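First up is the structure itself, then whatever we jot down about it.
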Amino acid sequence: MTRVFALVDCNNFYASCEKLFRPDLKHRPVVVLSNNDGCVVARSQEVKALGIQMGGPVFKLADDIKRHGIVCFSSNYALYADMSDRVMSLLEEAAPALEIYSIDEAFLDLTGVDNCTNLLAFCQALKRKVDTHTGIPVCIGIAPSKTLAKLANHAAKQYKATGGVVDLMAPERQVRLLALIEVAKVWGVGRRISKKLQGLGIHTALDLAQADINMIREQFSVVLERTVRELNGIACIELEQVPPTKQQIICSRSFASRITDKTKMREALCKYVTRAAEKLRQQKRKAKVVNVFIRTSAFSADEAQYSNSLLADLPYPSDDTRELIAIVEASLDTLWKAGYRYAKAGVMLLDFYDAEHEQGELFSSDRPQIQSKKLMQVLDKINQKGIGHVYFAAQGTAPVWLMKREHLSPAYTTNWKDLPLVR
DNA sequence: TCTGGGGTCCTAGGACCC
DNA sequence: TCTGGGGTCCTAGGACCC
C-alpha cells in the first residue's frame, strides 16, 4: 500500500502564540527573541514581508524595530508549550498515528485514509478544526514520504492559492514542485551540503532527486542518499510514534553579561547541573559521565579567547544532585583560567542507565549515598508543587548572571494570576 | 553593550586485538 | 633486513534539525 504522510506545521508558531492573546497586535509586525533577548527566533508574517532574517542579533535590528514599529517579545516557553499541547491533542484525535516532531510540527500517518475519504478534504477540515479550537493557523503537506511532505508543507506556506494544504501524492505534481524549489530548502540539506551540491551543478530539489545515487553516497553519506530516495517518493524514514529515550541532557546558557569571577561561574554551573539532574530524574535515568564546558565569546574577535571542556566519570551512575554538583565543581577547578571574559557555559549529562534497574559494583568501595532517592524525591516534589523553592547553596543567592527577559508576556494559560480578563 | 538552546546521527581516525 | 590484514570499539568533530 502506498504510504501517506502529512506534515502539520504551525505558522510562525511563537509569534502566533503571542498574537493570540493580544488582538490589538493582529496586523502588527511581531518578533520573538531567544534567551537573553539575543536573536530573533520567530517572526510574524508582517516581519517576514519586511525581509527581516531569522536568527539575526537584535541590536543590529534596532533601526528596523523603531522604523516599522516591530513589537518584541522575550520567549515565553510555558505559553508555547501549553499551546503546542492543545494543537497536538487535536491532531491526535483526528489521525490514526502521530509523531510530535517539534514544538510546532507533527507528522501524521494517513496511510489508508484515502480509502474512505478524500485526503485533501480531510486535511482541509483538520486545518479548520485546529484554527477554530486553538486560534493557531497551520499548514499541511501530504506526500508519500516525510521529506516530500516537508516540501509539500513548504509549498502550502509559500503559495496563498493553496489555501494552506497541498497534496503531493501525484508524481507529476512532485516533479513540478521540486523543479521550483532550491536544493537548500530540502529537509536534511543544510548550508555546507547545499554549497557542495551547487558546485556539482545540483541547484533544485529536482536536480537532487534525479542525481546519481552512487555518486551521492560516495561524495556525501548514507544520510543524503536516503534523502534522494525520499524525494523520489520512497518512504525511508518511518513515523516515530514513541519518542526515543534521550541519550544526553544539556543545560547551557549564554550569560546576560560576561563572567570574570570564578565564584559566579561556579554558581552558574551548579544551577545548570541542578536543572539537568531534575530532567534526568524525570526521565528515570542515571548518568555516569558529566561534561562541563566554559567559553568566551567567539564574536568578540579582539578579545582573548578560551574554550575548554572536560569529561568526568562518576564511580557509578547517579541522579543525585549533590554528587553531580561535586563533580562539576571539581571539573571547574581544572577548567578555570582567570583573566578571560566568559560568555557561555554549560553542563552535559551522558552515558545513561535505567534508574530502576541498578547494576551493583562488586569490587568498588564506592557506594551511592544512603537515602539519596528519598531526598531527591522530596526535593523534586517541593519544587514542583510550588510550595516553596529549595535549592543548593552552591547555586548562590544573588544570580547576577540570570537571563535577560525584558519583553516577557504573561503566562496566560498556565498561571491563574495571568489569566486574561474580558471586561 | 548586546549574536539561543537542545538535540541527533554519521564518519574518520586512533587504539587495540588476534 | 624483512614488519599483515581484518576486525571492533571509542572519541572528536562535523553536519543537520527546530
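What's counted below: heavy atoms across the whole structure, side chains too, no hydrogens, waters or symmetry copies. All figures in this text were calculated on a predicted structure; none of them were measured in a lab. The sequence lines fix the lettering, A, B, ..., with proteins before strands; numbering per chain opens at 1.
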Next item on the list: Taking only heavy atoms on the protein side, list every residue of residues 297-307 of chain A lying under 4.0 Å from any atom of DNA chain C, sorted numerically.
Entry: none
Next item on the list: Specify the separation, in whole Å, of atom CG of A:D351 and atom P of C:dA12.
Entry: 13 Å
Item checked: Integer-rounded Å distance: B:dG6 C1' and A:F352 CZ -> 12 Å
Next item on the list: Name all residues meeting the side-chain hydrogen bond (donor to acceptor under 3.5 Å, both in side chains) criterion together with A:Q158; count only those two or more places apart in sequence or in a different chain, and write none if there are none.
Entry: A:H154
Next item on the list: Within residues 183-216 of chain A, find the residues that approach DNA chain C with a heavy atom at under 4.0 Å, and present them sorted by residue number.
Entry: A:V186, A:W187, A:G188, A:V189, A:G190, A:R191, A:R192, A:I193
Every protein N/O within reach of nucleotides 8-10 of chain B N/O, cut-off under 3.5 Å:
unit_1 : atom_1 : unit_2 : atom_2 : d
B:dT8  : OP1    : A:Q247 : N      : 3.2

Margin query: Please confirm whether the shortest side-chain N or O distance from A:S34 to OP1 or OP2 of B:dT3 is below 4.0 Å.
Written below: no
Next item on the list: For the residue pair A:K48 and A:N12, confirm or rule out a side-chain donor-acceptor distance under 3.5 Å.
Entry: yes
Next item on the list: Check whether any side-chain N or O of A:R258 sits under 4.0 Å from OP1 or OP2 of B:dT3, and answer yes or no.
Entry: yes
Checklist line | By salt bridge (Lys or Arg N to Asp or Glu O under 4.0 Å) - contacts of A:D82 (at least two apart) | finding: A:R86
Notebook entry, point to check: What's the closest nucleotide to the A:S252 side chain, out of B:dG5, C:dC18, B:dC2?
Noted result: B:dG5
Note to self: Does A:L33 reach a base, just sugar-phosphate, or nothing at all? Heavy atoms under 4.0 Å.
What the structure shows: nothing
Checklist line | Pairing residues for A:H68 by the side-chain hydrogen bond (donor to acceptor under 3.5 Å, both in side chains) criterion, not counting sequence neighbours | finding: none
Item checked: Criterion side chain to side chain contact (heavy atoms under 4.5 Å, CB included) against A:V4, the qualifying member of A:L108, A:D167, A:I142, A:V113 -> A:I142
Note to self: For the backbone of A:R322 and the side chain of A:D320, can you confirm whether one donor and one acceptor N or O come within less than 3.5 Å of each other?
What the structure shows: yes
Item checked: The single option from A:N232, A:L178, A:I181, A:L231 passing side chain to side chain contact (heavy atoms under 4.5 Å, CB included) against A:L208 -> A:L231
Item checked: Nearest-Å distance for atom pair CE/C1', residues A:M54 and B:dT3 -> 14 Å
Checklist line | Partners passing side-chain hydrogen bond (donor to acceptor under 3.5 Å, both in side chains) against A:D313 (at least two apart in sequence or in another chain) | finding: A:K288
Next item on the list: Can you tell me which residue pairs pass the side-chain hydrogen bond (donor to acceptor under 3.5 Å, both in side chains) test with a partner in residues 324-338 of chain A, sequence neighbours excluded?
Entry: A:K262-A:D333
Next item on the list: Sequence neighbours left out, what pairs pass side-chain hydrogen bond (donor to acceptor under 3.5 Å, both in side chains) with at least one residue falling in residues 341-350 of chain A?
Entry: A:E303-A:R341
Next item on the list: Using a 4.0 Å heavy-atom cut-off across all strands, classify A:D37 as base, sugar-phosphate, or nothing.
Entry: nothing
Next item on the list: Give the dot-bracket string for DNA chain C, reading 5' to 3', where a pair is Watson-Crick or G-U wobble with both distances under 3.5 Å, ( ) marks pairs inside the strand, [ ] marks pairs crossing earlier ones, | marks a partner on another strand, and . marks unpaired.
Entry: ....||||||||||||||
Checklist line | Closest listed nucleotide, where the reference is the side chain of A:C251 and the choices are B:dG5, C:dC17, B:dG6 | finding: B:dG6
Checklist line | Non-neighbouring partners of A:S89 that pass side-chain hydrogen bond (donor to acceptor under 3.5 Å, both in side chains), sequence neighbours left out | finding: none
Note to self: Nearest whole Å is fine: how far is B:dT1 C1' from A:E406 CD?
What the structure shows: 12 Å
Check: Is the distance between the ring centroids of A:F5 and A:F107 less than 6.0 Å?
Finding: no
Checklist line | Reported CD-to-CG distance for the pair A:Q241 and A:L98, which is rounded to 0.5 angstrom | finding: 8.0 Å
Next item on the list: May I have the distance from A:N36 (atom CG) to B:dT3 (atom P), rounded to whole angstrom?
Entry: 8 Å
Note to self: Looking at C:dC18, I'd like to know if its phosphate oxygens (OP1 or OP2) sit under 4.0 Å from a side-chain N or O belonging to A:K150.
What the structure shows: yes
Note to self: Distance check, rounded to the nearest 0.5 Å: A:Q124 atom CD versus A:L119 atom CG?
What the structure shows: 11.0 Å
Item checked: Nearest-Å distance for atom pair CZ/C1', residues A:F255 and B:dG4 -> 14 Å
Next item on the list: Identify, with sequence neighbours excluded, every residue that meets salt bridge (Lys or Arg N to Asp or Glu O under 4.0 Å) alongside A:R176.
Entry: none
Notebook entry, point to check: For the pair made of CZ in A:R253 and C1' in B:dG6, what is the distance, rounded to whole Å?
Noted result: 9 Å
Checklist line | Length of the CD1-C1' vector between A:I100 and B:dG7, whole Å | finding: 16 Å
Note to self: Quick check: on DNA chain B, is the nucleotide nearest A:F220 upstream (toward 5') of the one nearest A:R341, or the reverse? Name the residue that is more 5'.
What the structure shows: A:R341
